[in-house]
Amino acid sequence: MATPAPIDDVPTHGGGIRLGQFLQLAGLVDSGGEAKEAIREGEVLVNGEVDLRRGRQLQVGDIVSLGGRRARVAG
């Protein structure tokens, strides 16, 4: 059984942030276009579930996963 990837806490300085923006801030993607593509292809998980909404509003504590990497929204 594989060990899950460690979770990086990524401060958002104010709480809520959109999924596409968070992917860039967390360093999970390099550009907005890459974020859009990954989300559209169903490669992004939010709290363990596929989310296809680039504008989804994330909250503190949400965990975003992409390509075996995980990041948690920190306030």
Side-chain angles (χ1 to χ4, degrees):
M1 185 174 195
T3 304
I7 301 174
D8 296 323
D9 285 321
V10 179
T12 57
H13 307 291
I17 187 170
R18 294 187 195 282
L19 178 56
Q21 294 171 322
F22 183 76
L23 288 168
Q24 287 182 265
L25 181 64
L28 298 176
V29 297
D30 293 326
S31 68
E34 190 177 335
K36 182 179 180 179
E37 180 73 16
I39 293 166
R40 185 179 53 201
E41 295 295 322
E43 298 171 0
V44 177
L45 302 178
V46 178
N47 299 324
E49 296 183 7
V50 172
D51 198 312
L52 302 174
R53 300 170 293 164
R54 184 170 48 137
R56 176 190 174 147
Q57 192 70 25
L58 300 173
Q59 301 301 321
V60 172
D62 284 341
I63 297 173
V64 177
S65 305
L66 174 64
R69 296 177 57 204
R70 302 188 307 166
R72 179 174 27 233
V73 179

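What you see below is based on every heavy atom in this structure, not just the backbone, and it leaves out hydrogens, waters and symmetry mates. One is the number of the first residue; the rest follow in order along the sequence.
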What closest approach, in Å, do [X] and [Y] show between heavy atoms, and which atom pair accounts for it?
X	Y	value
N47	G61	OD1-O, 4.3 Å
V29	A35	CG2-CB, 3.8 Å
A71	I7	C-CG2, 4.1 Å
V10	A26	CG2-CB, 3.8 Å

Next item on the list: Identify, with sequence neighbours excluded, every residue that meets side-chain contact (heavy atoms from CB on, under 4.5 Å) alongside E41.
Entry: E37, E43
Next item on the list: Please list all pairs passing the side-chain hydrogen bond (donor to acceptor under 3.5 Å, both in side chains) test where one or both residues lie in residues 24-33, with sequence neighbours left out.
Entry: none
Check: In terms of heavy-atom contacts, does CZ of R40 have more than 12 from other residues, nucleotides or ligands at under 6.0 Å?
Finding: yes
Notebook entry, point to check: Are side-chain heavy atoms of V44 and L28 found at a separation under 4.5 Å?
Noted result: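 Side chain of V44 against side chain of L28, heavy atoms only: no contact under 4.5 Å found.
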Next item on the list: Could you check if a side-chain atom of R70 sits within less than 4.5 angstrom of a side-chain atom of R72, using non-hydrogen atoms only?
Entry: no
Checklist line | L52-L45 co-clustered via ILVMFWY side chain contacts under 4.5 Å | finding: yes
Measuring from atom [atom1] of [X] to atom [atom2] of [Y], what distance do you get when rounded to the nearest 0.5 angstrom?
X	Y	atom1	atom2	value
L58	I63	CG	CD1	11.5 Å
I17	D62	CD1	CG	11.5 Å
L25	R18	CG	CZ	14.5 Å

Next item on the list: Report the residues that fulfil side-chain hydrogen bond (donor to acceptor under 3.5 Å, both in side chains) with R56, sequence neighbours left out, ordered by chain and then residue number.
Entry: D51
Item checked: Check: G27 main-chain N/O paired with R69 side-chain donor or acceptor under 3.5 Å ->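 Between the backbone of G27 and the side chain of R69 there is a qualifying donor-acceptor contact (under 3.5 Å).
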Notebook entry, point to check: Within the distance-only criterion (no hydrogens, no angle test), does the side chain of T12 pair as donor or acceptor with the backbone N or O of G75 below 3.5 angstrom?
Noted result: no
